[in-house]
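A quick write-up on the structure given underneath.
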Amino acid sequence: MVHVDMDMFYAAVEMRDDPSLREKAMAVGGNSMLSTSNYIARRFGVRAGMPGFIAKKLCQDLTIIRPHFFKYKAVSKQVQKVFATYDPNFSMMSLDEGYLDFTSHMQWRRESEDSERTVPVVWRSEEMCFCEKYCPKYVYDENQGQEEIPEKNEDISSSPDLFDEDDSNEENIKASGENLPDFCENCEKRIFKTAPFDAVLFGLDINEAVKEMRFRIEQSTHLTASAGIAPNTLLSKVCSDMNKPNGQYRVLPTREDVINFIDELPIRKISGIGKVCEKMLSGMEIKYCQDLFKKRGELQLISSDISFRYYMKISLGIGSTFVSSHGERKSMSVERTFREMTDRDEMYKKCLDLCNELGGDLKRHNLVGKTITLKIKKSDFSVKTKAQTIANFTDDYELIFKTAYDLLETEIMNSKLLKLRLMGVRMSTLQESSKITSKQNDIKGFLTNMKKKVAKRSAEKPDLIKKGLKRDAEKRETINIKRRASNNLKDMFAKIKETRKVEADDEDDIIVVYEKITDKK
DNA sequence: AAATGAAGGACCC
DNA sequence: GCCCAGGGTCCTTCATCC
């Protein structure tokens with residue numbers, strides 16, 4: 001499995017298109033949030049996911065560029081084109097990263113011609129030396145002359161035995177680059193060591209294959225990518241981060257290599273273990289992946305089945321061994337942050353706008369849905385979502401607004417003074433609009449619609465508030481029950497310790513952790 | 001008793 | 001050095017519905 005990740009994607013695109021940005025500290029995003037920063041800005045501590053105004057404080061000279069998504073999409077398409085030649089079934093996780101299965105490519109590669117592994121050099125970065133001295137003309141093959149895009153070569157016998165299965169050409173290329181200095185003494189630019197030629201021949205093994213792919217990406221987009229090669233996606237994702245700018249890393253498909261790699265790996269490196277999880281696990285003295293296995297007894301006690309399996313898989317370095325090109329989407333949404341809003345009419349107006357946008361998006365993607373969710377974020381940053389499923393699939397903004405309005409109305413009614421900083425509308429339970437029949441809509445829809453209407457009538461607003469308060473009381477009660485349960489955890493441990501041989505020295509810590517989890521609302 | 005909905009979070013890019 | 005956009009997915013808990 002190979003994971004490929006473009007280096008500081010958005011920032012790199014902007015720097016590519018505006019050379020004046022290259023020597024500056026810059027970031028892409030807005031005043032409220034940055035999505036990427038370049039390496040100069042990172043030296044000041046400016047990182048992705050940081051509010052722009054804070055970044056400005058860290059680095060006064062920071063240039064903030066608004067994102068240009070159409071550009072990123074175009075670049076992503078180019079990258080995908082390269083991906084497709086190595087694995088037509090590649091799966092894109094976002095605009096700038098994807099997983100590929102190289103198995104069948106490697107089969108093909110073993111029997112490939114040199115010409116099929118040769119990539120012409122059509123572009124050199126401006127930071128790189130162009131001087132004759134260090135960019136010798138490379139004659140790929142005396143018989144074939146200048147090389148174009150690799151084509152099926154009919155006469156096979158003529159190719160020399162120079163590059164056997166065992167003898168990859170990596171050595172040859174390296175050898176020619178190793179003698180060169182890092183920088184040219186004439187132009188003082190970096191010397192293009194990996195490919196000081198008009199065409200580059202890549203070797204047979206997977207490292208070479210991935211280098212070739214990254215080289216192709218660079219040639220077509222003028223941007224660099226990093227990659228990770230490993231026996232499964234979980235590991236390859238981590239690997240692509242190891243040699244981050246413009247590099248790659250491989251974990252061999254052997255037991256030793258996988259164990260060596262995973263054992264000392266901080267859990268936070270694994271995709272899916274975030275801030276919260278890290279903190280919780282560190283409370284149990286779990287910092288590295290091997291600790292997950294060491295503390296498996298305790299973990300099983302406090303985790304759900306799914307989480308526990310997940311942890312164990314991580315600790316053993318187990319992950320998915322196949323990629324599936326994107327499944328169908330589950331939801332579609334629009335949301336917007338704005339300056340504090342208290343006026344109701346303004347809120348309804350905003351809601352309408354969002355519904356309008358969402359409706360357009362749905363239509364554009366040929367989708368209809370039936371669950372509408374209203375999301376609001378108050379000035380204190382607390383987030384609330386309210387959802388309602390309607391009878392019929394729709395993409396009509398007026399219909400969406402009808403229910404979104406109701407949801408917003410009850411929210412306004414339920415709070416004395418609503419101060420909003422964000423509003424969003426989401427549609428889920430999606431269907432392809434072509435797939436839905438009018439019959440389904442008419443009969444089934446009519447019945448459920450009636451039911452909903454009756455149910456809604458019977459629930460009047462004061463009742464709703466009462467019900468809400470009642471539910472709060474119930475919630476508090478369940479929290480208390482859980483708290484009591486956690487007090488009994490000590491006894492539980494003792495019993496479990498007897499029946500199973502669990503090494504739990506730090507029971508107190510675990511109870512603290514447990515309380516933290518259960519008290520968390 | 002199993003399935004579905006709703007609400008809330010964690011997490012990812 | 002700080003509490004954060006906007007697009008998603010998935011998990012968990014609780015309620016409800018036959």
Side-chain angles (χ1 to χ4, degrees), chain A residues 3 5-6 8-10 27-36 44-59 64 66-67 69 72-73 76 92-98 237 240-241 268 270-280 303-310 326-338 354 357-358 361 365 370-377 379-390 407 410-411 421-430 448 451-452 455 467-468 470-472 474-475 477-479 481-482 517-518 520-521:
Chain A
H3 180 255
D5 196 1
M6 298 298 288
M8 45 172 194
F9 189 47
Y10 297 174
V28 180
N31 202 36
S32 47
M33 170 63 54
L34 304 176
S35 7
T36 353
F44 291 87
V46 175
R47 305 244 266 103
M50 178 180 271
F53 65 92
I54 289 170
K56 274 267 182 183
K57 277 180 195 164
L58 293 176
C59 172
I64 295 180
R66 301 238 124 228
F69 285 102
Y72 314 144
K73 274 179 197 153
S76 184
M92 224 52 198
M93 302 309 286
S94 64
L95 287 179
D96 77 316
E97 68 170 84
K237 173 81 208 260
S240 67
D241 228 54
R268 187 60 212 273
I270 270 86
S271 168
I273 305 285
K275 218 179 162 185
V276 174
C277 211
E278 182 193 28
K279 215 177 166 189
M280 185 222 115
S303 317
S304 69
D305 193 49
I306 289 176
S307 306
F308 179 66
R309 277 163 188 278
Y310 179 55
H326 46 323
E328 62 214 26
R329 78 155 70 228
K330 306 276 169 57
S331 71
M332 187 172 269
S333 65
V334 275
E335 64 185 63
R336 212 100 331 177
T337 300
F338 34 75
L354 290 167
E357 244 186 272
L358 182 60
D361 285 351
H365 287 81
K370 58 195 316 197
T371 304
I372 291 135
T373 307
L374 177 82
K375 173 178 172 181
I376 54 169
K377 191 188 274 181
S379 291
D380 63 358
F381 287 95
S382 63
V383 178
K384 204 170 249 176
T385 58
K386 292 273 165 202
Q388 195 180 312
T389 305
I390 55 168
L407 294 169
T410 64
E411 262 324 293
R421 87 183 315 270
L422 170 146
M423 192 188 293
V425 184
R426 174 163 68 246
M427 182 67 97
S428 46
T429 329
L430 299 178
T448 36
K451 268 186 211 161
K452 292 257 155 104
K467 216 178 163 186
K470 200 181 156 197
R471 210 188 294 160
D472 281 352
E474 281 165 5
K475 241 180 195 169
E477 184 54 29
T478 57
I479 288 169
I481 289 168
K482 277 188 181 169
I517 301 162
T518 49
K520 227 185 168 181
K521 255 187 216 173

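Model, not experiment: these values are computed from the prediction. Every chain is numbered from 1, with letters handed out A, B, ... down the list of sequences. The analysis underlying the following values was restricted to heavy atoms, covering all of them including side chains, and did not include hydrogens, waters or symmetry mates.
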At under 4.0 Å between heavy atoms, what does [X] touch on the DNA or RNA strands: base, sugar-phosphate, or nothing?
{"X": "A:K56", "value": "nothing"}
{"X": "A:I273", "value": "sugar-phosphate"}
{"X": "A:I270", "value": "sugar-phosphate"}
{"X": "A:R47", "value": "nothing"}
{"X": "A:T36", "value": "nothing"}
{"X": "A:K237", "value": "sugar-phosphate"}
{"X": "A:S35", "value": "nothing"}
{"X": "A:I306", "value": "sugar-phosphate"}
{"X": "A:G30", "value": "nothing"}
{"X": "A:M93", "value": "nothing"}

- Query: Which residue, A:S331 or A:D305, contacts DNA chain C at a nucleotide closer to its 5' end, judged by nearest heavy atom?
  - Reply: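 Nearest nucleotide further toward 5': that of A:S331.
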
- Nearest-nucleotide 5' precedence on DNA chain C, A:T337 against A:K275: A:K275

- Query: Do other residues, nucleotides or ligands put more than 12 heavy atoms under 6.0 Å from A:M93 CE?
  - Reply: no

Nearest-angstrom distance from the residue atom [atom1] of [X] to [atom2] of [N]:
{"X": "A:F53", "N": "C:dC3", "atom1": "CZ", "atom2": "P", "answer": "7 Å"}
{"X": "A:Y10", "N": "C:dA5", "atom1": "OH", "atom2": "P", "answer": "16 Å"}
{"X": "A:I372", "N": "B:dA7", "atom1": "CD1", "atom2": "C1'", "answer": "17 Å"}
{"X": "A:L407", "N": "B:dA6", "atom1": "CG", "atom2": "P", "answer": "9 Å"}
{"X": "A:K330", "N": "C:dG7", "atom1": "NZ", "atom2": "C1'", "answer": "15 Å"}
{"X": "A:L34", "N": "B:dC13", "atom1": "CG", "atom2": "C1'", "answer": "14 Å"}
{"X": "A:M427", "N": "B:dA6", "atom1": "CE", "atom2": "P", "answer": "13 Å"}
{"X": "A:R329", "N": "C:dC10", "atom1": "CZ", "atom2": "C1'", "answer": "16 Å"}

- Message: Say we look at B:dG9 and C:dC3: how far apart would their C1' atoms be, to the nearest angstrom?
- Response: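 Here B:dG9 and C:dC3 have their C1' atoms 16 Å from each other.
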
Side chain of [X] only, please: which of [options] is the nearest?
{"X": "A:L58", "options": "B:dC13, C:dT12, C:dG1", "value": "C:dG1"}
{"X": "A:K386", "options": "C:dT9, B:dA7, C:dT12", "value": "B:dA7"}
{"X": "A:K377", "options": "C:dC2, C:dA5, C:dG7", "value": "C:dA5"}
{"X": "A:K384", "options": "B:dC12, B:dG8, C:dC2", "value": "B:dG8"}
{"X": "A:I54", "options": "C:dC3, C:dG6, B:dC11", "value": "C:dC3"}
{"X": "A:S304", "options": "C:dA5, C:dG8, C:dT12", "value": "C:dT12"}

- Task: May I ask you to say whether A:R336 pairs ionically with A:E357, meaning some side-chain N is under 4.0 Å from a carboxylate O?
- Result: yes

Can you see if the side chain of [X] gets near the phosphate of [N] - specifically, an N or O under 4.0 Å from OP1 or OP2?
{"X": "A:R426", "N": "C:dG6", "answer": "no"}
{"X": "A:R336", "N": "C:dG7", "answer": "yes"}
{"X": "A:K73", "N": "C:dG7", "answer": "no"}
{"X": "A:K375", "N": "B:dG8", "answer": "no"}
{"X": "A:S307", "N": "C:dT12", "answer": "yes"}
{"X": "A:T385", "N": "B:dA7", "answer": "no"}
{"X": "A:K57", "N": "C:dC2", "answer": "no"}
{"X": "A:S333", "N": "C:dG6", "answer": "no"}

- For A:S428 and A:S331, indicate whether the former's side chain and the latter's backbone hold a donor-acceptor pair under 3.5 Å.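 Pair absent, no side-chain N/O of A:S428 close to backbone of A:S331.
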
- Kindly say whether A:V28 contributes a backbone atom to a donor-acceptor pair with the side chain of A:S35 at under 3.5 angstrom? yes

- Could you tell me which non-hydrogen atom of A:R426 sits nearest to which non-hydrogen atom of A:L358, and how far apart they are?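 Minimum heavy-atom separation between A:R426 and A:L358: C-CD2, 4.0 Å.
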
- Work out which heavy atom in A:G45 is nearest to a heavy atom in A:M50; give both atom names and the distance. O-CE, 3.3 Å

- pair A:M423-A:L374: side-chain heavy atoms closer than 4.5 Å: yes

- A:Y72 side, atom OH; A:D96 side, atom CG - distance, nearest 0.5 Å: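 Rounded to the nearest 0.5 Å, the OH-CG separation comes out at 11.0 Å.
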
